[in-house]
Amino acid sequence: MSVLARHLNILDHTLSSLWRRRLKNLSVLLVFAGVIFLIASFQLVTRALTETAEQALVAAPEITIQKMSAGRQVAVPLAYSEKLSGIFGIRRVVPRVWGYYFDEVSGANYTVLGLERDRMPASGQLDLVLDQGESPAPGRSGAALIGRSVQQGLERKGGSLLSLFRPDLSMVSFTVAGVFKEETDILTNDLIVLDIDDARDLFLVPEDVATDLCVYVANQREVPTIAKKIADALPDTRVVTRAQIRKTYQVVFGWRSGFASVCLLTALAAFVIFAWDKASGLSPEERREISILKLLGWETRDILAIRLWEGILVAGLAFVLGCTLAYIHVAFFGASLFRPVMVGWSVISPSLRLAPTVQLSQFLLIFCFSVLPYMAATVIPAWSCASVPAESALGGV
Amino acid sequence: MLIELEHVTKVYNQGLANEVTALREVSLRIDDNSMVCLRGASGSGKSTLLSIIGCVFQPTSGRVAIAGKQLSRLPDRFLTLHRRRYIGFIFQNFNILPALSVEENIMLPLVPLGMRPMVMREKAAVLMERFGISHRRRFPAGQISGGELQRTAIARALVNDPPLILADEPTAHLDSRLSHEFMDFMADLKAAGKTIVITSHDALVTEHKAVDRVIDIRDGRIHVS
Amino acid sequence: MFLDSWSIALVICGLVVFFMMGFAARSAVRVLLYWDPDSDSGRQIKLENEIWLTSTLVECALGVQILSLTVFVLAADHFSGAIVGAMCATGSLLANDFGVPALTVKIGGVFLYGFWIVLHQLDIRSERYPLVRLKYIYLLTLLPLLVLDLSLGMMYIAGLEPDIITSCCAVVFGEAVGGGTNLFAGFSHFLSLLLLYGSTALLFILGGLLLAWRRIGLVVVFGGVWLWFFLLALVVITTLFSSYVYAMPFHKCPFCILKPEYYYIGFAIYGLLFTGAHLGMSVAVTEPLRQVVGLEEVTERFQRRATLWSLVLLALFTAVSSWHYLRYLLLGGQG
């Protein structure tokens, strides 16, 4: 006689009793799986977004310098880069010109990025994310790399030349040298990459300024020190490190998923009340069964064990079901159920493909959000079921 | 198994408005390997007496000892542990769980003992064979005849091989043929060395030849006639 | 940083433990007021039933507490992605004054709830429930700890300041505290290894003696050495073993070994250490119970088993925790 054998027997009994009351249990199971599905979907979406953002940051410069004036970002003079020449450890300072372009025909807002590609360390990798074509030779003007939604807009118009208007409404045209891959949509969907001089021409940005300066640093460990020196040397600038961008992403995504979780907590609370109610409601049949078992020599804790096993089985099944469905929902349907809710989550563009990675810690988190409250809600009702006295199955005095 | 009760009193809802005294100062001795019948009208206290002997609850005062073991003042849990080792119950209406199969019903007392499923099945099989219900093994107990139900109930009471069998108004809902059959089974058990206590006011039970002693209970007291 | 899934998960864990222990405490008060083993009243029967409620609740609370401890460490690791200068869980925990105390109180909770369950298991084996009052007074004394646990956790989360790109020009640069070297600095390798393996050997000798013949003094020493060993092992894991797991001499973090990159080996290491230490200390904690009528035999049997199992777990712990270090020594620096 061992504890394990006793639990196996009770588990066996529980399984058959669950099966006998399958309708009642199925309702709890499905509702619970639904709640877990919602929570897990949000977790997986956030996780996937964070990861995509992290991947995108790999090629970002270690430090970005933006000039601030009256609390707003303004163009930074190229002369600033000379002021940095004295700082030891900086590999290169490269200017960037970028901005947003509103296309009146399609009603879309494109991001235009002008790069000095011959001086950027990772520019060779640009070809790797191109679906078709190749990046034009550095310095060649009149050629553009475009994202997929830009290409679709172009196809609708039926031209092969990308025609954009300068602020003075004169037109400038670019040939399409390449289109970005679907996998990088999160960053490149609405992107138009030009040579820096073309971008200057398009936005009419003067020769001696840029939108911001990218600073490449040889030794990663020195980044904070160098950033501090830059901030001291250029007091009117904002100095942003890559690590900070990543942390900001994480905080923002974390905040969003946290906020969503709080909203989902109301669904959870409703479920917990439902579960409590289901667990404490005891039909006369069940009462009689419990007291018969007790008369036959079952202890209170044996009955309690049945109830707890029931809870574990239902919760476990609902957990597996909910998580699996959530994964399918996010990975294969792009979290389509949430799309109406996520208006304003501008990072999710309609055709975004998400590939959530599965990490144990994610499931631990989902577990804390779902199974724990359920457990807390069912332990006490389980006990009050188990404390039905034995004598109530006996007749008379 | 020797059963001794000394000055046993049981009061329900003590101190409350609906206080009921079910037993008053009952002293009783039931010898090993005897068959005793507790006779009384409903409300006389005979079921309470049976429950106290059956370790279902404690008396309010007085001493209870079964096979030399003091049972009064024992916490509920240990009453249960004692009950499942020494006592087999047969209830009025038999209290069989209709949704479980005959076999599962018979095995119920063994489940919390942590016995291996194989051993439990074997024990049940032996008893089903003995009572001629093997062919009903997989049937839900709700679908078998009254006679088979009765045998299932007896088999369940015997499955953990208890020395003491308690039966609460077993023939109340049986026709005379089944009542006779029941008493014959009890006589067999007595012959096999069990101690048997039956509550009943059915003459068919009280006047059965195997019954050693009939104890009359009225208003919670033993009535000597 | 309350609006983060991990923070919310921590709060949920805390509240669940609080809720369960609160309910258990409610029973405790009733038991202490009304327990009367000589009565057959409905109230006494109800109280006897409530023993099962409390024990189940405390068992669940222990489970949730262990979970909460894990979530706390993983959350700290997650927060390190958002906090000034933090590179891993150590950095986040040191980010404000409440991190390490919160962790310590959580670990304390695991042990104290565990001891309660040991008491309960011994108690229900005697027909008189001799420990009922002791057990419930003990339960009530755990309440302040519970409040402390919850509030430290909350204050820790509230005190975390995420490192967001600010809209002003002044950028905050924190010095990188994440190296982990400032958790326990200045321990020499040789000394700590000598102490650790010395204590291991001592535990085996004491345990063997205990199993052979019992002396009351020996029991107390055994429990004491286990406590010392537990703390020492935490230090040695942090300062020595962990960096061999990471194969990075300057990465000394007791938490990163819990991560998937290192095959979750930390869970095995800490699981063995915590269980072993708990059993080892239980041997000393239960020693006074051998004086209680009705518990002499039960306690002695428990102590023998606990001693034996704590030694088995100790052996496993030594093997698993030293594995990476040994491999490094044997393979000559390849590990």
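Numbered from 1 within each chain, the chains take letters A, B, ... in sequence-line order.
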Discussion item. Could you check whether any side-chain heavy atom of A:Leu372 comes within less than 4.5 Å of a side-chain heavy atom of C:Cys13, counting everything from C-beta outward?
Written reply: yes
Worksheet item: Are the side chains of C:Pro260 and A:Gln359 in touch, meaning some heavy atoms are under 4.5 Å apart?
Response: yes
Step through the shown structure and confirm whether more than 12 heavy atoms of other residues, nucleotides or ligands are within 6.0 Å of [atom1] on [X].
X	atom1	result
A:Trp276	CH2	yes
C:Glu297	CD	no
C:Tyr263	OH	no
A:Arg287	CZ	no
A:Phe363	CZ	yes

Of the backbone (N, CA, C, O) and the side chain (C-beta and beyond), which part of [X] lies under 4.5 Å from a heavy atom of chain C, both, or neither?
X	value
A:Gln43	side chain
A:Leu308	side chain
A:Leu265	side chain
A:Glu299	side chain

Practice prompt. Mind ranking C:Ile45, C:Asp77, C:Leu67, C:Leu74 by heavy-atom pairs under 4.5 Å with chain A and telling me who comes out on top?
Written response: C:Leu67
Item to complete: List the atom of C:Ile12, the atom of A:Cys368, and the distance in Å for their closest heavy-atom pair.
Response: CG2-O, 3.5 Å
Roughly how far, to the nearest 0.5 Å, is the [atom2] atom of [Y] from the [atom1] atom of [X]?
X	Y	atom1	atom2	result
C:Ser5	A:Arg47	OG	CZ	11.5 Å
C:Asp4	A:Thr46	CG	OG1	10.0 Å
A:Leu360	C:Lys259	CG	NZ	13.5 Å

Worksheet entry | Heavy-atom contact with chain A under 4.5 Å, split by part of C:Leu160 | neither
Fill in: Atom group of C:Phe79 that falls short of 4.5 Å from chain A, counting heavy atoms
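Looking at C:Phe79, nothing touches chain A.
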Worksheet item: Which of residues 17-28 of chain C have a heavy atom under 4.5 Å from any heavy atom of chain A?
Response: C:Phe19, C:Met20, C:Phe23
Worksheet item: By number, which residues in residues 47-59 of chain C have some heavy atom less than 4.5 Å away from chain A?
Response: C:Asn49, C:Glu50, C:Trp52, C:Leu53, C:Thr56, C:Leu57
